[in-house]
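Remember, it's 1-based here, ligands and their atoms both numbered in the order they're listed. Just so it is clear, the values below take in all heavy atoms, side chains as well, and ignore hydrogens, waters and symmetry mates.
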Amino acid sequence: MSLRLAIVGCGLMTQQTHMPAAARSKALEVTALVDPDLGRAQALAAEYAVARVGRSLADVAQAVDAVLVVTPPHVRLAVVAEAFAHGLHVLSEKPLANTVAECEALQELADRNPALVAAGAHVYRFWPARRWVHDGLRDGSLGRPLRAFVSQGNPYSWKSASGYSVLKELVPGGVLINAGIHPLDSLLWWFGDAESVEYADDAVGGLESNVDLRLGFPGGVRAHLRMSRTSRFRHVIEIETTTCRLELPTYSRHRIDVVGGDSRQTRVIGEDSEDALAPAIAQLEDFARAVETGSTPAVGFREATRAVRLVEACYRSKRARPLPALAPLPGEVW
Ligand SMILES: NC(=O)c1ccc[n+]([C@@H]2O[C@H](COP(=O)([O-])OP(=O)(O)OC[C@H]3O[C@@H](n4cnc5c(N)ncnc54)[C@H](O)[C@@H]3O)[C@@H](O)[C@H]2O)c1
């Protein structure tokens with residue numbers, strides 16, 4: 001029998017990715033949709049023939065085995081605590097929570113409920129190109145990493161239903177925790193926990209839109225990240241190792257350019273398909289497998305906490321310095 005899943009939070013990410021992905025998997029069935037804005041849950045339920053809807057998890061908990069939490073992060077702790085109290089397995093979107101303290105509280109809840117799967121959704125872990133880098137660095141076939149450069153920027157256009165990601169009252173920061181957490185998670189996965197942080201952003205009391213971050217990793221690996229919510233940057237992750245130079249187009253699931261001298265060879269990792277939902281389906285099926293077989297999910301709560309810890313270290317280092325008198329102008333300074 002497939003896993004009976006409730007999706008909690010029926011905003012843009014659920015509409016665009018999780019619901020259509022889940023509808024294509026035989027490993028699970030979405031049997032309930034939950035959102036305090038009931039109309040949003042009802043509209044999606046009608047579109048995908050989901051039997052139950054509720055304003056809160058308590059309304060549907062008896063009819064499901066597991067929950068996918070796609071709420072804004074500030075309510076994660078309350079929602080996950082409620083899920084565990086109902087004996088439900090949990091897969092929770094990124095960032096696992098807004099703060100390390102909340103992530104640790106979530107971990108404590110998970111530890112108190114060892115029979116329940118507690119997984120974090122970091123979907124880039126399911127991108128074949130990112131895994132290929134991970135595996136090649138781990139087994140040494142790509143050489144030893146030396147340096148990485150991440151460039152990621154676009155005028156912000158994600159139209160979340162709640163607008164939470166630009167509401168200072170609800171989030172600890174802007175582009176870094178919202179979008180930057182993806183490349184940070186990849187770097188942590190590839191290189192280990194960061195040992196040094198040099199962080200700058202353009203916020204003067206609000207949420208940062210531009211970030212310049214330098215990280216040091218074990219073994220002397222250095223990374224430089226440039227991220228923007230206001231400017232268009234080239235979307236790329238470059239990695240230099242002792243034996244090669246790799247360029248990953250940030251939003252290509254399969255492509256990696258291997259650059260050496262004047263030559264550039266494009267490698268396609270895995271089956272190159274236009275199927276944008278494939279990683280989300282793989283993530284859901286990894287979770288369903290963990291529930292069914294007791295296997296460890298790709299990203300547990302502890303693993304998902306690492307990126308939040310790094311983000312928090314960046315914000316802490318910023319708070320330790322005096323603010324500039326004037327905000328730098330995006331595009332000029334950044
Ligand atoms: N992996 C990715 O690439 C990716 C992309 C976008 C968003 N996300 C993550 O998905 C999450 C949701 O983002 P979004 O853009 O869909 O936001 P959204 O605002 O569009 O949707 C959030 C929904 O949660 C509902 N909600 C609020 N409080 C709730 C509660 N207590 N219980 C149940 N539902 C509640 C809101 O009413 C809203 O419908 C965020 O954590 C975000 O970081 C991940």
Start with the C-alpha gap between E208 and K318, add the side-chain angles, then the distance that decides, and say whether salt bridge (charged side-chain N to carboxylate O under 4.0 Å, His left out) holds.
CA-CA 11 Å; E208 81 284 355; K318 159 115 185 185; over 6 Å; no

Evaluating non-hydrogen atoms only, which member of V67, V79, D35, D37 is closest to atom 23 (C) of ligand 1?
D35

If you compare P36, G9, G163, P73 by their heavy atoms, the one closest to atom 29 (C) of ligand 1 turns out to be P36

[X] neighbourhood, listing ligand 1 atoms whose heavy-atom distance to it stays under 4.0 Å:
{"X": "V8", "value": "32 (N), 33 (C)"}
{"X": "S162", "value": "18 (P), 19 (O)"}
{"X": "P72", "value": "22 (C), 24 (O), 26 (N), 27 (C)"}
{"X": "H182", "value": "1 (N), 2 (C), 3 (O)"}
{"X": "W158", "value": "6 (C), 15 (O)"}
{"X": "R76", "value": "41 (O)"}

Using heavy atoms and a 4.0 Å limit, tell me yes or no: is K159 in contact with ligand 1?
no

Could you go step by step and tell me if R24 and E285 meet the salt bridge (charged side-chain N to carboxylate O under 4.0 Å, His left out) rule?
CA-CA 11 Å; R24 283 180 41 198; E285 294 190 343; over 6 Å; no

If you measure from each non-hydrogen atom of [X] to ligand 1, which part falls under 4.0 Å: side chain, backbone, both or neither?
{"X": "E93", "answer": "side chain"}
{"X": "L12", "answer": "both"}
{"X": "K94", "answer": "both"}
{"X": "Q15", "answer": "neither"}

Between the OG1 atom in T14 and the CG atom in L33, the distance rounded to the nearest 0.5 Å is 8.0 Å

Quick test: of every protein heavy atom, which one is nearest to [atom], and how far off is it to 0.1 Å?
{"atom": "atom 42 (C) of ligand 1", "result": "Y164 OH, 3.1 Å"}
{"atom": "atom 21 (O) of ligand 1", "result": "G11 CA, 3.2 Å"}
{"atom": "atom 31 (N) of ligand 1", "result": "V75 CG2, 3.8 Å"}
{"atom": "atom 11 (C) of ligand 1", "result": "T71 O, 3.4 Å"}
{"atom": "atom 20 (O) of ligand 1", "result": "A161 N, 2.6 Å"}
{"atom": "atom 38 (C) of ligand 1", "result": "R40 NH1, 3.2 Å"}
{"atom": "atom 12 (C) of ligand 1", "result": "V70 O, 3.2 Å"}
{"atom": "atom 16 (O) of ligand 1", "result": "M13 N, 2.8 Å"}

Just say parallel, tilted or perpendicular for the rings of F301 and F84, cut-offs at 30° and 60°.
tilted

Indicate the ring-plane relationship of H182 and Y124, choosing parallel, tilted or perpendicular according to the 30° and 60° boundaries.
tilted

Tell me, with the steps shown, if K94 and D185 meet salt bridge (charged side-chain N to carboxylate O under 4.0 Å, His left out).
CA-CA 10 Å; K94 66 81 199 167; D185 179 65; over 6 Å; no

Heavy-atom closest contact ([X] atom, [Y] atom, distance):
{"X": "V30", "Y": "A22", "result": "CG2-CB, 3.5 Å"}
{"X": "T250", "Y": "V236", "result": "OG1-N, 2.8 Å"}
{"X": "P95", "Y": "I181", "result": "CB-CD1, 3.6 Å"}
{"X": "H235", "Y": "N154", "result": "CE1-ND2, 3.4 Å"}
{"X": "L88", "Y": "V67", "result": "CD1-CG1, 3.8 Å"}

Is R55 salt-bridged to D59, cutoff N-O under 4.0 Å?
no

Please determine whether a side-chain nitrogen of the Lys or Arg among R222 and E240 lies less than 4.0 Å from a carboxylate oxygen of the Asp or Glu.
no

